[in-house]
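The next block holds one structure in the form of structure tokens; read it before the comments.
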Amino acid sequence: MSTASTETTLASPAATVRVIASPQSWVEGEAVRQLEAVARLPGMKAAVGLPDLHPGKGAPVGAAFTSEGLFYPYLVGNDIGCGMGLWDVGMLARKSKAERWASKLEVEGPWNGDVEGFLAEEGVKPSGFEGALGTVGGGNHFAELQRVDAVHDARAFAELGLEADRLLLLVHSGSRGLGEAILRAHVDRHAAGGLVADSDEARAYLTRHDHAVAWARANRALVARRVLDGIGAPARRVLDVCHNSVTPRREDGALRWLHRKGAAPADEGPVVIPGSRGALSYLVAPVGDGTGSAYSLAHGAGRKWTRTAARERIKERFTAESLTRTSFKSHVVCENKDLLFEEAPQAYKAIDRVVTDLVEAGLVKVVATLAPVLTYKTRSREE
DNA sequence: ATGTTC
């Protein structure tokens with residue numbers, strides 16, 4: 001058999017590439033180029049950019065990819081299991097003591113409770129990274145107390161058991177060092193290469209991946225518990241979704257692999273799409289069957305400026321102190337000044353436009369908008 | 001994103 005005919009045999013139709021974003025949602029050209037590069041990987045069937053699409057390290061963030069026959073741990077990235085959890089807090093928003101909480105609340109270092117017992121309650125095995133369980137982490141991670149700004153769909157809101165006058169707690173965090181260790185072990189052998197799905201190595205990765213997803217969910221639950229202990233309120237978990245993962249899915253009669261890289265699920269019920277700490281967050285309910293968007297939604301506002309650019313530009317215009325309050329009069333706990341600048345609201349795109357794009361694409365309906373009361377980042381001053 | 005930079 002000639003080389004040419006072999007290539008013909010192996011050739012598969014190009015993957016579908018789709019960017020779901022209106023012209024008003026500016027998307028960097030580099031992010032689209034990254035999306036197209038991923039679409040050319042062997043086995044790829046679809047590459048979908050959501051309205052918060054932005055460039056990442058090799059692969060774009062705010063995107064979902066489906067493949068057949070093999071999958072790519074590199075596309076999931078290091079923070080396997082990262083996602084958003086929402087809690088209904090048993091406290092009226094008007095009873096908030098945001099200023100006092102901002103000075104007292106502390107969620108740092110290893111939890112001094114029964115970590116193993118907590119994991120057992122969550123049905124998760126220990127990983128060896130329990131020293132970080134119950135910590136928010138860095139970058140864009142946070143724990144945020146919110147009040148209901150407006151209810152847009154009273155029925156869907158009530159079906160979630162929510163009340164307009166009660167506080168909510170949104171936690172964005174992941175698997176800390178655990179996911180990082182799992183990706184590193186893969187990259188050491190395969191770099192950005194994929195795994196043949198029907199192989200022992202693929203099964204071993206998926207076992208570790210699934211553990212990291214469960215551990216990350218437990219991590220968010222422990223962060224929530226520590227915040228709630230700090231403010232002295234009970235709470236009920238309303239939802240918890242993962243936006244960095246790879247999962248099997250039957251589609252068009254074939255077994256496919258759905259990679260989500262900063263993409264919320266459109267097939268697990270309502271999700272929260274957070275803005276920056278100085279913007280509204282949106283509680284939305286998926287609409288439609290998800291086939292045109294790889295069963296995924298935007299996971300946030302998406303960066304407008306790189307971390308370096310944000311530090312430089314925002315330092316010129318704002319003091320660190322002024323950035324601990326927002327236009328919503330909410331408080332920000334972030335004693336690391338660089339992080340305070342990097343994560344300033346000005347560094348992010350407008351969440352309103354991102355959500356409007358999803359509504360206009362027929363992917364979601366807005367259930368409620370949520371406003372920040374207190375955003376917890378870190379007490380640590382290390383830089 | 002990262003017990004983050006060996």
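Labels below follow one simple rule: chain letters A, B, ... track the order of the sequence lines, proteins then strands, and each chain is numbered from 1.
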### Query
Is there any ring-ring contact (aromatic ring centres under 6.0 Å, His included) pair reaching into residues 249-272 of chain A, and which pairs are they, with sequence neighbours excluded?
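Those involving residues 249-272 of chain A are A:F71-A:W257.
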
### Task
Could you name each residue pair satisfying ring-ring contact (aromatic ring centres under 6.0 Å, His included) that touches residues 262-311 of chain A, not counting sequence neighbours?
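Output for this query lists A:H243-A:H299.
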
What contact category does [X] fall into here, base, sugar-phosphate, or nothing, at under 4.0 angstrom with non-hydrogen atoms?
{"X": "A:G174", "value": "nothing"}
{"X": "A:G131", "value": "nothing"}
{"X": "A:G128", "value": "base"}
{"X": "A:R176", "value": "sugar-phosphate"}
{"X": "A:G77", "value": "nothing"}

Round to a whole Å and report the spacing from [atom1] of [X] to [atom2] of [N].
{"X": "A:E342", "N": "B:dT2", "atom1": "CD", "atom2": "P", "result": "13 Å"}
{"X": "A:N219", "N": "B:dG3", "atom1": "CG", "atom2": "C1'", "result": "13 Å"}
{"X": "A:D79", "N": "B:dG3", "atom1": "CG", "atom2": "P", "result": "9 Å"}
{"X": "A:W215", "N": "B:dT2", "atom1": "CH2", "atom2": "P", "result": "10 Å"}
{"X": "A:I182", "N": "B:dG3", "atom1": "CD1", "atom2": "P", "result": "12 Å"}
{"X": "A:R307", "N": "B:dT2", "atom1": "CZ", "atom2": "P", "result": "10 Å"}

### Query
Any chance the side chains of A:T319 and A:E321 put a donor and an acceptor closer than 3.5 Å?
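No pair is found: no donor N or O on one side chain lies under 3.5 Å from an acceptor on the other.
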
### Query
Under the 6.0 Å and 45° cation-pi test, does A:R225 pair with A:F118?
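Here A:R225 fails the 6.0 Å and 45° test against A:F118.
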
